[in-house]
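The structure appears below as structure tokens.
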Amino acid sequence: PILAMTFGDYVVTEAGFGADLGAEKFYNIKCRKSGLQPKLTIIVATAQGLKMHGGVSLDRIKEPNMEGLKEGFGNLDKHVRNLRSFGQQVIVAFNRFASDTDEEVEAIRRHCEEKLGVGFAVNNAFAEGGEGAVELAILVVDTIEMKPSDPLIFSYSENDSVEQKAD
């Protein structure tokens, strides 16, 4: 299966939900056993998700709410820290919805680039097709070329007990 990946310039895989359980299993198990060394990890974020983690009720997350959005940054920050602990270069792909305001998108962009030091790109592929993903594609290629991930850092040894691995 790894040999087949040599036929493309880039291979993208969905590793699972969250930078805790999904990424942890992908890096510690799948990558370790297959020998894969990701060059980049992309975390997907939405304004609605950030607002939800910022304490905004589900019936109001489509409404503009800069305070709730910013409160949700802590959740994004933790996921980015988790991914970096594996030696990964991280960028944020922001899936934009029609209800998102330009001010919200720019606040997230500034937070990612200035506070977290990670690349940020808006993904509008759902609404615009391939054209809506050009910004993200360019960021992916540029980041891999200029600042690829370090070799993977596993969070436990294969010889650790189940209890140690779960810790």
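Formation of a donor-acceptor pair under 3.5 Å by the Lys39 side chain with backbone atoms of Ile144 is not found in this model. The closest donor-acceptor contact from the side chain of Asp160 to the backbone of Ser157 lies under 3.5 Å. Panel note: side chain Asn65, backbone Gly68; a donor-acceptor pair is recorded below 3.5 Å. Judged by distance alone, the side chain of Asn28 and the main-chain N or O of Lys25 form no donor-acceptor pair under 3.5 Å. Put simply, the side chain of Gln89 gets close to the backbone of Lys147: a donor and an acceptor are under 3.5 Å apart. No donor-acceptor pair under 3.5 Å is formed between the side chain of Lys62 and the backbone N or O of Ala98. The backbone N or O of Ser161 sits less than 3.5 Å from a side-chain atom of Gln164, completing a donor-acceptor pair. Put simply, the side chain of Ser85 gets close to the backbone of Asn82: a donor and an acceptor are under 3.5 Å apart.
Between the CD1 atom of Ile43 and the CZ atom of Phe120 there is a distance of 12.5 Å, given to the nearest 0.5 Å. Rounded to the nearest 0.5 angstrom, Asp142 CG and Ile91 CD1 are separated by 9.5 Å. Thr143 contributes atom OG1, which lies 6.0 Å from atom CG of Leu40 (distance to the nearest 0.5 angstrom). Atom CG in Leu83 sits 11.0 Å away from atom NZ in Lys78 (nearest 0.5 Å). Here the straight-line distance linking atom NZ of Lys30 with atom CG of Leu36 works out to 7.5 Å at 0.5 Å rounding. The structure places CD of Gln48 at 11.0 Å from CG of Leu69, a figure rounded to the nearest 0.5 Å.
Counting heavy atoms of neighbouring residues, nucleotides and ligands inside a 6.0 Å radius, atom CZ of Phe126 does not exceed 12 of them. Other residues, nucleotides and ligands contribute more than 12 heavy atoms inside 6.0 Å of the NZ atom of Lys165. Heavy-atom contacts from other residues, nucleotides or ligands closer than 6.0 Å to CD of Glu106 number more than 12.
Residues Phe86 and Phe154 share a single hydrophobic cluster, defined by chaining ILVMFWY side chains whose heavy atoms lie under 4.5 Å apart. Following chains of ILVMFWY side-chain contacts shorter than 4.5 Å, one can reach Val92 starting from Val105, so the two form part of one hydrophobic cluster. There is no path of hydrophobic side-chain contacts, each under 4.5 Å, that joins Ile153 to Phe26. Both Leu116 and Val122 belong to a common hydrophobic cluster when Ile, Leu, Val, Met, Phe, Trp and Tyr are linked at side-chain heavy-atom distances under 4.5 angstrom. Note on Leu76 and Val56: separate hydrophobic clusters, where clusters join Ile, Leu, Val, Met, Phe, Trp and Tyr whose side-chain heavy atoms are under 4.5 Å apart, directly or indirectly.
The heavy-atom pair separating Leu152 from Gln37 by the smallest distance is N-OE1, 2.9 Å. When all heavy atoms are compared, the tightest approach of Val90 to Val118 is O-CB, 3.3 Å. Closest approach of Ser149 to Gly87, counting heavy atoms only: CB-O, 3.6 Å. The nearest pair of heavy atoms linking Ala121 to Leu136 is CB-CA, 3.6 Å. The two atoms that bring Gln88 and Thr41 nearest to each other are OE1-OG1, 2.7 Å, heavy atoms only. Smallest separation of non-hydrogen atoms from Thr101 and Pro64: CG2-CG, 3.8 Å.
Salt bridge annotation for Arg109-Glu103: absent, with no cationic side-chain nitrogen under 4.0 angstrom from a carboxylate oxygen. Ion pairing between a basic and an acidic side chain is recognised when a charged N comes within 4.0 Å of a carboxylate O; Arg96 and Glu128 show no such pairing.
Annotation: side chain of Phe94 is in contact with side chain of Asp100 (closest heavy-atom distance under 4.5 Å).
Annotation: cation-pi pair Arg32/Tyr27 absent, no NZ/CZ under 6.0 Å from the ring centroid and within 45° of its normal.
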**Q.** Full working for side-chain contact (heavy atoms from CB on, under 4.5 Å) between Phe73 and Ile108
**A.** CA-CA 8 Å; Phe73 286 168; Ile108 300 165; 3.9 Å; yes
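With Lys51 as reference, Glu104 is the one residue of Glu63, Glu104, Glu71 to meet the side chain to side chain donor-acceptor pair (under 3.5 Å) rule.
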